[in-house]
K.L.:
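Provided herewith is a single structure, encoded as structure tokens, for subsequent inquiry.
Proteins get letters first, then strands, A, B, ... in listed order; numbering begins at 1 in each.
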Amino acid sequence: MRMSKMVGRRLKEDPKDAVTVSHKFLLRGGYIRPVSTGVFSMLPIAKRINDKIENIIREEMNNIDGQEVLMPVVLPAELWEESGRYKSVGPELLRFQNRNGSDMLLAMTHEEAVVHLLRSEISSYKQLPAMVYQVQTKYRDEARARGGLIRVREFTMKDAYSCHESQENLEEYYLQAHEAYVKIFDRLGMNNVLSIESDAGMMGGKVSHEFMAICDCGEDTIITNSDYTYKANSEVATANWIYNTDEEVIPLEKVHTPDAKTIEEVADFLNISQEHTAKAVFYVTDEEQLVLAVIRGDIEVNEAKLKNVILNANLNFANDEQIRAIGCEPGYASPLDIDFEKVTVVFDNSVAKSINLVAGANEADYHYKNFNFSRDVKVDTDKYIVADIATVREGDLCPITNTPLQITRGIEVGNIFQLGTKYSEAMNFNILDNNGKAKPVIMGCYGIGVGRAMASIIEQNNDNYGPIWPITVAPWEVHLCALNPKKAEVKEASESLYNQLQELDLEVLFDDRGEKPGFMFNDADLIGIPFRVVVSPKSIANNSVEFKRRGEKNGDLVPVEQIAQKVAEAIKAEYAKF
RNA sequence: CGGGGUAUAGCGCAGUCUGGCUAGCGCAUUUGGUUUGGGACCAAAGGGUCGCAGGUUCGAAUCCUGCUACCCCGACCA
């Protein structure tokens with residue numbers, strides 16, 4: 001490719017709207033252009049990278065016996081009504097009508113479509129296991145798209161669906177899929193991707209893993225110990241919290257605590273540590289049901305965990321009015337003196353196990369000292385819940401190794417789920433087993449966001465000047481620069497080299513524009529091709545050219561007659577690393 | 001959906017508070033010339049519904065009202 005003819009310009013300055021590194025470089029380098037919030041066009045450079053990412057994924061999917069298919073993006077609502085998701089999924093599913101007034105949708109995932117496809121093709125256990133996958137557009141009407149390609153509304157995803165006769169067979173295949181994913185991210189040059197167990201969310205199913213590309217701009221919070229033997233999404237992470245279980249239980253005592261509403265004020269006023277307090281946090285569900293979370297004063301409630309415990313997906317903080325309506329005093333609310341009929345009470349383990357905590361007295365300006373859960377909560381155990389609803393903090397102790405936990409951020413670039421029979425049962429996807437008995441197919445599904453992977457690769461491979469593409473996904477393998485191509489000797493040598501490199505089947509981007517060196521080199525850095533060859537009047541006078549690696553400051557002079565071979569070898573050696 | 005911010009040439013911005021001549025600057029683009037190892041120089045040129053709609057005024061990028069789009073934080077997220 002000649003740069004003089006390449007569509008897509010590079011920008012000198014950072015676009016004001018871009019914040020993350022990948023977003024800045026994707027815009028500045030002429031990779032993508034925004035069309036609408038979370039909707040982008042890809043220019044030729046990005047398209048080439050995109051295709052390479054897709055092809056690596058295809059190869060690994062084929063290696064685990066995947067068969068590529070293609071399903072539509074526009075689906076009839078009836079299909080999603082079969083699974084129940086037409087109603088259960090919120091406004092992130094884009095619904096519309098066609099000219100006949102039929103309800104249609106833009107697929108945000110393809111379980112329904114794949115079951116529709118396979119249920120008429122697969123009817124015997126002899127045809128299993130089977131896996132089909134596609135690389136297809138998805139549309140999700142995200143509440144908030146952000147960060148360039150990191151979180152978008154329209155995107156390309158590789159989604160794979162496997163079918164099995166037994167749970168054991170699914171589990172066996174699931175491990176293979178996990179292996180394939182590890183290989184894929186290795187080959188994409190993402191050197192820091194963690195697979196962590198996750199919550200299955202709306203997909204249903206039991207076991208699932210998220211593949212997290214570790215980087216500061218990631219949206220997900222991941223809790224790990226130092227050797228990664230423990231790793232979990234913050235939504236499910238737990239810790240080995242230390243509770244004061246050794247103290248002598250002493251009698252309740254009501255104390256005057258004027259104007260001490262917050263935990264900090266109470267602890268300061270009574271001159272105790274926050275670990276010796278219990279706080280009461282009120283939530284309200286969409287159905288107006290009050291929920292009281294009681295947790296040790298120094299620990300924050302983890303709303304994701306709380307939602308799982310009470311089996312309700314929508315929680316908001318309750319206001320003072322709502323709290324008073326059930327007879328509590330905001331700021332001084334207490335698990336004592338509370339009407340357990342009117343409010344769902346969830347005690348965190350920290351409160352259930354600690355001794356002699358300070359808790360509210362349900363009366364303005366008063367607290368109780370020496371609250372003890374086992375002694376003071378006198379209602380039947382079925383009136384409340386004790387669970388882990390605590391947010392893990394940096395430095396809390398690992399539940400496995402007891403070493404301090406760390407908090408890191410990650411981008412979810414892929415996930416794998418053991419779906420089970422959720423869709424096959426709902427949509428009547430059955431096979432006959434070897435006894436001639438009909439049973440639902442057991443399924444797994446496996447996704448990777450292609451554009452998100454591209455952004456993540458940049459997040460993990462860049463310097464101040466631009467991305468540093470791994471050879472496996474680089475838009476071209478070598479960047480040839482002709483410095484001052486008006487000089488006949490430079491033009492001749494660079495054109496000849498361009499031909500030689502192409503004859504060696506190398507992918508060459510040829511900067512034939514005759515720009516100033518600095519201009520050209522900055523563009524080259526933004527395009528981030530791993531190898532660069534510069535032909536200049538000076539070097540050619542010595543019958544040599546400069547050969548440099550992206551990311552290294554200085555290159556080597558190489559005799560002109562050796563350079564093509566040397567480039568080919570370097571590229572080959574580079575591929576061998578993946 | 002809540003909070004904050006922005007909208008003037010392809011990109012980055014000034015001008016808006018305090019209304020006033022023909023709307024400006026840098027980069028980019030075109031032409032001619034000089035230049036060529038980390039974003040050159042000289043000369044000339046093209047490029048604008050000042051986000052949209054309405055209003056106030058002799059006069060609106062600037063003041064008023066309504067709307068829209070985009071970005072950031074939060075909520076949400078197979």
Side-chain angles (χ1 to χ4, degrees), chain A residues 8-20 23-24 27-28 30 33-40 80 83 85 88-93 107-112 138-148 150-153 155 157 159 161 198-205 208 210 217 219-220 233 235 286 303-304 307 313-317 412 414-417 419 422-423 445-449 452 464-466 481-487 490 511 513-526 532 534-541 545-546 548 553-555 557:
Chain A
R9 70 165 96 221
R10 274 129 327 269
L11 313 174
K12 189 170 180 176
E13 289 160 289
D14 277 342
K16 64 173 175 174
D17 284 344
V19 175
T20 59
H23 193 191
K24 282 181 186 172
L27 288 171
R28 278 191 55 203
R33 295 291 176 242
V35 177
S36 170
T37 300
V39 179
F40 292 89
W80 277 55
S83 70
R85 283 207 293 190
S88 68
V89 173
E92 62 270 22
L93 176 64
M108 51 194 287
T109 173
H110 279 81
E111 283 77 18
E112 286 82 357
K138 300 278 182 283
Y139 187 89
R140 295 179 189 180
D141 225 8
E142 291 286 352
R144 184 153 101 76
R146 69 189 94 179
I150 290 171
R151 185 170 201 78
V152 291
R153 295 215 168 111
F155 59 102
M157 179 180 222
D159 49 323
Y161 306 88
S198 61
D199 197 20
M202 90 163 186
M203 291 300 293
S208 67
E210 292 170 337
C217 72
E219 301 185 284
D220 291 280
N233 193 306
E235 293 178 359
D286 282 355
E303 287 181 28
K307 285 172 185 173
N314 292 301
L315 283 182
N316 286 301
F317 284 119
E412 184 187 347
N415 53 32
I416 57 179
F417 290 88
L419 275 180
K422 175 174 173 176
Y423 297 93
C445 76
Y446 317 87
I448 294 178
R452 188 179 274 190
N464 287 335
Y465 304 101
C481 296
L483 208 162
N484 200 355
K486 280 184 187 164
K487 299 224 158 135
V490 169
D511 193 341
R513 298 172 301 171
E515 294 288 352
K516 298 282 288 184
F519 192 91
M520 208 167 53
F521 295 151
N522 277 299
D523 273 2
D525 288 346
L526 274 172
R532 191 182 80 185
V534 181
V535 181
S536 74
K538 271 185 216 162
S539 69
I540 213 74
V545 296
E546 184 212 63
K548 185 182 98 67
K553 203 168 162 73
N554 297 308
L557 282 180

K.L.:
Check whether the side chain of Arg144(A) and the base of G4(B) form a donor-acceptor pair under 3.5 Å.
P.N.:
no

K.L.:
With a non-hydrogen cut-off below 4.0 angstrom, is Lys548(A) in contact with a base, only sugar-phosphate, or nothing?
P.N.:
base

K.L.:
Could one point to a donor on the side chain of Glu13(A) or the base of G26(B) with an acceptor on the other under 3.5 Å away?
P.N.:
yes

K.L.:
Within the structure, does a side-chain N or O atom of Thr37(A) lie under 4.0 Å from either OP1 or OP2 of C70(B)?
P.N.:
yes

K.L.:
Whether Ser36(A) contacts C70(B) is assessed here as follows: a side-chain N or O lying under 4.0 Å from the phosphate OP1 or OP2. Is that the case?
P.N.:
yes

K.L.:
What distance, rounded to whole Å, do you find between the two P atoms, one in U16(B) and one in U6(B)?
P.N.:
15 Å

K.L.:
Any donor-acceptor pair under 3.5 Å joining the side chain of Asp523(A) to the base of G39(B)?
P.N.:
yes

K.L.:
Please determine if a side-chain N or O atom of Lys12(A) lies less than 4.0 Å away from the OP1 or OP2 oxygen of U29(B).
P.N.:
no

K.L.:
Is the phosphate of C70(B), meaning OP1 or OP2, less than 4.0 Å from a side-chain N or O of Arg146(A)?
P.N.:
no

K.L.:
Can you check whether any acceptor in the base of U35(B) is under 3.5 Å from a donor in the side chain of Lys486(A), or vice versa?
P.N.:
yes

K.L.:
When the P atoms of G38(B) and G32(B) are compared, how many Å lie between them, rounded to an integer?
P.N.:
27 Å

K.L.:
To the nearest angstrom, how far is Lys538(A) atom NZ from U36(B) atom C1'?
P.N.:
9 Å

K.L.:
Please state the C1' separation for the pair G2(B) and G48(B) - nearest whole angstrom.
P.N.:
36 Å

K.L.:
With a 4.0 Å cut-off on heavy atoms, is Arg532(A) in touch with a base, just the backbone sugar-phosphate, or nothing at all?
P.N.:
base

K.L.:
Taking the basic N atoms (NZ, or NE/NH1/NH2) and the acidic carboxylate oxygens, is any pair closer than 4.0 Å for Lys422(A) and Glu111(A)?
P.N.:
no

K.L.:
Quick one: do Leu483(A) and Met520(A) satisfy side chain to side chain contact (heavy atoms under 4.5 Å, CB included)? Show the steps, please.
P.N.:
CA-CA 8 Å; Leu483(A) 208 162; Met520(A) 208 167 53; 4.1 Å; yes

K.L.:
Is the distance from OP1 or OP2 of G37(B) to the nearest side-chain N or O of Ser539(A) less than 4.0 Å?
P.N.:
no

K.L.:
Select base, sugar-phosphate, or nothing to describe what Phe40(A) touches, counting heavy atoms under 4.0 Å on all strands.
P.N.:
nothing

K.L.:
Would you say the base of G37(B) and the side-chain of Glu546(A) have a donor-acceptor pair closer than 3.5 Å?
P.N.:
yes

K.L.:
Answer with yes or no whether Asp14(A) presents, from its side chain, a donor or acceptor under 3.5 Å of a partner atom in the base of G12(B).
P.N.:
no

K.L.:
Output all residues satisfying side chain to side chain contact (heavy atoms under 4.5 Å, CB included) with Asp523(A), sequence neighbours left out; order by chain, then residue number.
P.N.:
Met3(A), Arg10(A), Arg513(A), Phe519(A)

K.L.:
Tell me whether the guanidinium CZ or amine NZ of Arg85(A) lies under 6.0 angstrom from the six-membered ring centre of Tyr423(A) and within 45° of its axis.
P.N.:
no

